[in-house]
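First the structure, in the form of structure tokens, and then the observations on it.
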Amino acid sequence: MSYIPVRPDPSLPPVTVNLYSDTQTRPTPAMLDAMKSAETGDEQHGDDPTVWALCDRMAALLGKEAAVFLPSGTMCNVVALLVHCRPGDEVLAHRLAHIITSEHGNHAALGGIMMNPLDGERGLFDVAAVEAALRPRSRYAPPQKLLEVEQTANLGGGVVWPQAQLDAVLARGHEAGLATHMDGARLMNAVVAAGIPAAEMVAGCDSVWVDFTKGLGAPLGAVLAGSTEFISEAWRWKQRLGGSMRQGGVSAAACLYALDHNIDRLAGDHTNARTLARGLAQLEGMKVEQPDTNLVFFDPRGAGLTAEAFATAMRQQGVMVSTLAGRVRACTHLDVSAAQIELALTAARAVVAAA
Ligand SMILES: *Cc1c(COP(=O)(O)O)cnc(C)c1O
């Protein structure tokens, strides 16, 4: 097999509704204008005022001392794990966590870090699951260093952690001497859905990052936040891994634009997701998970199609969805309107009727 991504197939009809991922958004003309007029400098030399402005703003938003701009969320996760852990150390995370399922084993390849996968409904786990995974401190057991949570839990179904459960789990981690890290790829979706300020939501996390290329609609970048000491160490790995940038302000300007314009509008994506879920649930045999945010997971097997067959048939109708963990995922975002949700539902009805 080849690991090279597949180019678009020109024989397929054009995509009219792109529910594949919230990473598929294109920068709007206004965002591109903000990027064009950004003040820039050499980011790795500390000379880019727009990158500094973004980091300061994110540290304040997340209630942490400092922040660092990185090219991607994956780099935020691996940098954080590399700062928190040494080779042989163990991380507690949900079995479906992105750091376990979707980063090509970076933590093990680069840091010799082990994963202890926890179970729990919809990508979440509870204090009992943490306690069951805790090992005695001994010369035999791998040293446990970090507890990781994902907000929202992507493969769990875009699920928002009930705040009391999140706080309890993180507190239990601290009590056991573990540091805590949040993969906040879609943290702002959780913030908007729960109506809880970001800093309050992540108060129990020693490190946390937010992706700007998901619902926030920027073309590039993520910001990792934590204590000044943590961010100082994160800079060593940013440099080592080639994540130090030059005129990063061009990208940071898009992120700042997203903070100003693309957070409140996430509520509309959540409404669109609920509309889509309601419409899909009306199809005979379709098993739809009630969405908390912008991700709609469903299992079409009861309607006579595997997840892959459903996705392929939808693509023939111009609607792009993804298949993940044996289900179909449809993702709403700023390039999907309420009218396009209706188009997607029309296509789904036709696909199911033909099955
Ligand atoms: C997308 C995603 C990541 C990785 O972010 P990239 O910016 O694509 O590298 C990490 N965790 C979760 C939960 C994600 O959805």
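When a ligand or atom number is given, it counts from 1 through the structure's own listing order.
- In this structure, a donor-acceptor pair under 3.5 Å is present between the side chains of H98 and E103.
- F297 meets the ring pair (Phe, Tyr, Trp, His ring centres under 6.0 Å) test with no other residue; sequence neighbours excluded.
- A ring-centre distance under 6.0 Å is found for F125 and W161.
- Between R327 and D299 there is no salt bridge, since no side-chain N of the basic residue sits under 4.0 Å from a carboxylate O of the acidic one.
- A salt bridge links K214 with D211: the closest approach of a Lys/Arg side-chain nitrogen to an acidic carboxylate oxygen falls below 4.0 angstrom.
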Ligand 1: protein N/O within less than 3.5 Å of ligand N/O:
residue, atom, partner, partner atom, Å
ligand 1, 5 (O), D211, OD2, 3.0
ligand 1, 7 (O), G73, N, 2.8
ligand 1, 7 (O), D211, OD1, 3.4
ligand 1, 7 (O), D211, OD2, 2.7
ligand 1, 9 (O), G73, N, 3.3
ligand 1, 9 (O), T74, N, 2.8
ligand 1, 9 (O), T74, OG1, 2.7
ligand 1, 11 (N), D183, OD1, 3.2
ligand 1, 11 (N), D183, OD2, 2.5
ligand 1, 15 (O), N154, ND2, 3.4
ligand 1, 15 (O), R186, NH1, 2.9
ligand 1, 15 (O), K214, NZ, 2.8

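- Between E90 and R135 there is a salt bridge, with a side-chain nitrogen of the basic residue lying less than 4.0 Å from a carboxylate oxygen of the acidic one.
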